[in-house]
Amino acid sequence: MTPSATPAYRRLSVEERRSQLLDAALTLFAHRAPEDVSLDDVAEAAGVSRPLVYRYFPGGKQQLYEAALRSAAEELQHCFDEPRQGPLLSRLSRALDRYLSFVDEHDTGFSALLQGGSVVETSRTTAIVDGVRRAAAEHIYRHLGVADPGPRLRMTVRTWITAVEAASLIWLDEDKQPPVEELRDWLVEQFVAVLTVTAGRDPQTAAVVGALGEDGRESTTRH
């Protein structure tokens, strides 16, 4: 083998190595429950030794799981970080496309990874998952143009976010049927429906629904 054909070895930085181990762990957690993944599995997937995994995660699998969960949570939080341009429901559709793409990619591990039900679940992991829901809600309030949402609007938005999670899990259980585009459109329609119901009891939400109507009419006029 000529020298030019020999692959160059590059020592990974601390952050690069940590990222490599987290990527390996996330891939495993995406398809198996956390309790079914061992540190040996992570080491093998990353192509490193078990002691190296411990060097970066001395707390063992619990620490690695929580770090992987935070990484997944950050990715999910970015799903709803849509530029506030164009019709609101179009923005929501694009955010849901990213969210459902994440669900699809992580497939059977979505429940174990983000919905609890694992033997390694703790108050910290629960807080990480709840942080995703709260961040999604804050993004939605900003898209709605509401700086100080009242209790009824907050409850409506957070209830819908919970419904999105539940629908995603059921979608996986139903072999990803209906097609993801139909699921996305149904969730958008459901968002409008729950806002409309709340609007009958809450002036703030009624104003939001009115703005959505204007938004839709302007979009139709432009087209």
Side-chain angles (χ1 to χ4, degrees), residues 9-81 95-140 154 157-176:
Y9 175 79
R10 183 174 70 87
R11 183 183 295 275
L12 298 180
S13 69
V14 171
E15 281 305 310
E16 288 173 330
R17 179 67 74 187
R18 190 174 187 278
S19 178
Q20 178 198 28
L21 295 175
L22 282 177
D23 286 344
L26 270 174
T27 299
L28 292 171
F29 290 141
H31 299 285
R32 287 150 61 181
E35 56 266 33
D36 295 332
V37 176
S38 69
L39 288 183
D40 286 332
D41 293 331
V42 175
E44 181 180 356
V48 301
S49 66
R50 179 188 174 97
L52 184 63
V53 179
Y54 263 114
R55 183 188 307 172
Y56 283 84
F57 299 97
K61 188 169 74 172
Q62 179 65 36
Q63 182 184 7
L64 179 59
Y65 175 70
E66 290 179 11
L69 187 61
R70 287 191 189 93
S71 177
E74 289 172 4
E75 185 175 342
L76 272 176
Q77 287 175 9
H78 289 314
C79 289
F80 287 90
D81 191 10
L96 283 172
D97 279 337
R98 289 192 292 272
Y99 183 92
L100 294 172
S101 177
F102 180 93
V103 173
D104 188 19
E105 179 183 348
H106 289 83
D107 205 16
T108 56
F110 180 71
S111 177
L113 189 65
L114 293 176
Q115 302 301 305
S118 166
V119 296
V120 296
E121 183 181 9
T122 67
S123 59
R124 291 190 300 275
T125 62
T126 300
I128 292 169
V129 174
D130 192 53
V132 174
R133 297 171 183 141
R134 291 180 180 277
E138 290 300 324
H139 281 303
I140 291 172
R154 287 199 305 271
V157 170
R158 294 184 67 182
T159 297
W160 178 76
I161 290 170
T162 301
V164 170
E165 293 177 352
S168 300
L169 293 171
I170 295 169
W171 181 69
L172 291 176
D173 193 48
E174 293 289 339
D175 297 323
K176 300 181 181 178

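Atoms considered below: every heavy atom in the structure, side chains included; atoms not considered: hydrogens, waters and symmetry mates.
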Closest approach of G60 to L39 (non-hydrogen atoms, all atoms of both residues): CA-CD1, 4.0 Å

Considering all heavy atoms of both residues, which atom of L21 and which atom of A46 are nearest to each other, and what is their separation? CD2-CB, 3.8 Å

As an exercise, state the distance from CG of L64 to OH of Y56, rounded to the nearest 0.5 Å. 13.5 Å

Is a side-chain donor-acceptor pair under 3.5 Å present for S38 with D41? yes

Contacts of type side chain to side chain donor-acceptor pair (under 3.5 Å), residue R18, not counting sequence neighbours: none

Nearest-0.5 Å distance that lies between atom OG in S168 and atom CG in L100: 5.0 Å

Do V48 and R17 come within less than 4.5 Å of each other through their side chains, counting heavy atoms only? yes

Tell me if a side-chain donor or acceptor on T162 pairs with a main-chain N or O of R158 at a distance below 3.5 Å. yes

Is there a side-chain contact between V37 and Y65 in this structure, where contact means two heavy atoms from C-beta onward sitting under 4.5 Å apart? no

Within the 3.5 Å criterion, strictly below it, is a donor on E16 or Q20 matched to an acceptor on the partner's side chain? no

Atom CD of Q63: over 12 foreign heavy atoms under 6.0 Å: yes

Any non-hydrogen side-chain atom of V53 less than 4.5 Å from a side-chain atom of D40? no

Flag, side chain of S101 to backbone of D97, donor-acceptor distance under 3.5 Å: no

Above 12 or not: heavy atoms from other molecules or residues under 6.0 Å from CZ of R55? no

Any side-chain heavy-atom pair of W171 and D104 under 4.5 Å: yes

Report yes if the side chains of S19 and L22 come closer than 4.5 Å at any heavy-atom pair, otherwise no. no

To the nearest 0.5 Å, atom CD of E74 lies from atom NE2 of H78 at 6.0 Å

Pairing residues for W160 by the ring-ring contact (aromatic ring centres under 6.0 Å, His included) criterion, not counting sequence neighbours: F191

Can you tell me how far the CG atom of L172 sits from the NZ atom of K176, to the nearest 0.5 Å? 6.5 Å

Can you tell me how far the CD1 atom of I170 sits from the CD atom of E165, to the nearest 0.5 Å? 12.0 Å

What distance separates R98 CZ from F80 CZ, expressed to the nearest 0.5 Å? 9.0 Å

